[in-house]
Amino acid sequence: SGKVLVAGGTPTSTSAQLFDPAANGGVGAFTATGSMATGRAFHAAAVLASGKVLVAGGNPGTSTATAEIFDPAANGGVGAFTTTGSMLFAEAELSAAVLGSGKVLIYGAGTSAHLFNPAGNGGVGTFATTVIPTSHYQGTLTPLWSGAVLLVGGFDPIGGGAFPRFADTFTETVGVRNSGLVVVQRRDHAATVLASGKVLITGGNNFTSEIASAEVFEGIVGDACPSDAFCSSGFCVDGVCCDTACKGGSCDRCDLAGTVGTCTTAPLGNPGKGPLCATPLTCDGVRTSCTSCESDAGCVATYYCAANG
């Protein structure tokens, strides 16, 4: 709808409002909406694929594990909250980002995070936990174009206040993957997704001073990519950031298991890529271009002419 939900703000505040930027002749206006069941501050909030909003946790010192779903269409369009499953442990000072699967990653501190599945329990919603090996407390969670979530900055409040030197990406299938060194270690910063898919990291502090610098997160070799512009190498090949342009021939690939991100000659029988590799042409495991043959004599040593040519 383009409206903005504002909910809670103190541990005792259950009220919520909707901001409509088109109201009042385009000046914008707030209207009251349904109230939450639990007052919340420093909680997580995320817009689900359905257009509903998840709010979860919050209230430092007396943290809550409860969560609620806001439905803007409920109550005749006024909007209303309903309770959903609770997190497996109470936590506040949370950040949230929606994964490509539609699930929501919620993280506060330490090495555990929450995964909310809006389809769980017959559509009521359920939580599970997942592992974040490096603490990013007071860092940022940013959804990437690939469906992964980028974790940048923050610090470890338990491990002596250490700042992580690396950014991490999280997916359900892989978990956490190291995604390169940060230039400046920081917390309480901003993260903004750019049109290229890269993420701009700005500001923040390191406890002793405010930070004026900015840096850009871009895909490293092996990361999924939408275009050359996203990759630090400048090459997006076969859907991943590649170490080279990988244009030796139709049997060069950058997405082969075990060598993802490195341009490699496709193994024997691989269909290759591009129109030159249409059936019956296949890769021979040696050359970078697709080949065909009429007899064994047309094949390199130790290879034979197969039924598909």
Side-chain angles (χ1 to χ4, degrees), residues 1-87 90-108 114-127 138-143 145 149 188-195 199-200 202-203:
S1 67
K3 297 180 181 179
V4 180
L5 175 67
V6 181
T10 71
T12 59
S13 174
T14 60
S15 65
Q17 304 175 62
L18 281 175
F19 176 74
D20 183 354
N24 193 20
V27 174
F30 286 90
T31 57
T33 186
S35 295
M36 297 184 293
T38 302
R40 304 176 189 276
F42 296 98
H43 50 284
V47 180
L48 305 176
S50 63
K52 298 177 182 179
V53 180
L54 169 71
V55 293
N59 301 340
T62 58
S63 300
T64 179
T66 63
E68 308 176 47
I69 300 287
F70 175 74
D71 183 354
N75 193 20
V78 174
F81 287 88
T82 57
T83 56
T84 184
S86 292
M87 300 188 298
E91 195 170 14
E93 297 189 74
L94 299 164
S95 298
V98 180
L99 293 158
S101 65
K103 295 180 181 179
V104 182
L105 178 68
I106 299 176
Y107 177 75
H114 314 268
L115 267 181
F116 176 73
N117 180 6
N121 193 19
V124 174
T126 54
F127 282 90
Q138 294 183 353
T140 51
L141 270 65
T142 308
W145 74 273
V149 169
D188 289 337
H189 51 276
T192 306
V193 179
L194 304 177
V199 180
L200 175 66
T202 57

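- We find the OG-CD distance between S95 and Q138 to be 9.0 Å, quoted to the nearest 0.5 Å.
- In plain terms, the two heavy atoms of L5 and L18 that are nearest each other are CA-CD2, 3.9 Å.
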What's the verdict on side chain to side chain contact (heavy atoms under 4.5 Å, CB included) for V193 and W145, showing C-alpha distance, side-chain angles and the deciding distance?
CA-CA 9 Å; V193 179; W145 74 273; over 6 Å; no

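- Here the closest non-hydrogen pair linking G85 and F127 is O-CE1, 3.0 Å.
- By the 4.5 Å heavy-atom criterion applied to side chains, V104 and I106 are counted as neighbours.
- Minimum interatomic distance between T142 and A191 (heavy atoms only, all atoms of both residues): OG1-CB, 3.3 Å.
- Closest heavy-atom contact between V55 and A45: CG1-CB, 4.1 Å.
- Applying the side chain to side chain contact (heavy atoms under 4.5 Å, CB included) criterion to P60, with sequence neighbours excluded, gives F42, A92, E93.
- Contact annotation: the side chain of T82 never approaches that of D71 to less than 4.5 Å [non-hydrogen atoms, C-beta and beyond].
- Checked by atom type and distance alone, the side chain of H43 pairs as donor or acceptor with a backbone atom of A7 at under 3.5 Å.
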Test side chain to side chain contact (heavy atoms under 4.5 Å, CB included) on L94 and M87 and set out the steps.
CA-CA 12 Å; L94 299 164; M87 300 188 298; 4.2 Å; yes

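- V149 places none of its side-chain heavy atoms less than 4.5 Å from the side chain of Y107.
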Given L105 and L115, is the side chain to side chain contact (heavy atoms under 4.5 Å, CB included) satisfied, shown in steps?
CA-CA 5 Å; L105 178 68; L115 267 181; 4.3 Å; yes

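- When side chains are defined from C-beta on, T38 counts as touching E68, because their heavy atoms get closer than 4.5 Å.
- The shortest side-chain heavy-atom distance between Q17 and T33 does not fall under the 4.5 Å cut-off.
- By the side chain to side chain contact (heavy atoms under 4.5 Å, CB included) test, T10 is found to be paired with T12, S13, residues two or more places apart in sequence or in another chain being considered.
- Residues T14 and F81 fail the side-chain proximity criterion, which asks for heavy atoms closer than 4.5 Å.
- Residues A97 and L141 come closest through the heavy atom pair CB-CB, 4.0 Å.
- Judged by distance alone, the side chains of T140 and H189 do bring a donor and an acceptor atom under 3.5 Å apart.
- With sequence neighbours left out, K103 forms a salt bridge (charged side-chain N to carboxylate O under 4.0 Å, His left out) with E172.
- In plain terms, the two heavy atoms of K52 and P72 that are nearest each other are CA-CD, 4.2 Å.
- Atom OG1 in T31 sits 6.0 Å away from atom NZ in K3 (nearest 0.5 Å).
- With a 4.5 Å cut-off on side-chain heavy atoms, F30 and N24 do not count as touching.
- In terms of modelled atom types and a separation under 3.5 Å, the side chain of E91 and the main chain of G58 share no donor-acceptor contact.
- Using a 4.5 Å cut-off on side-chain heavy atoms (C-beta onward), V53 and I69 make no contact.
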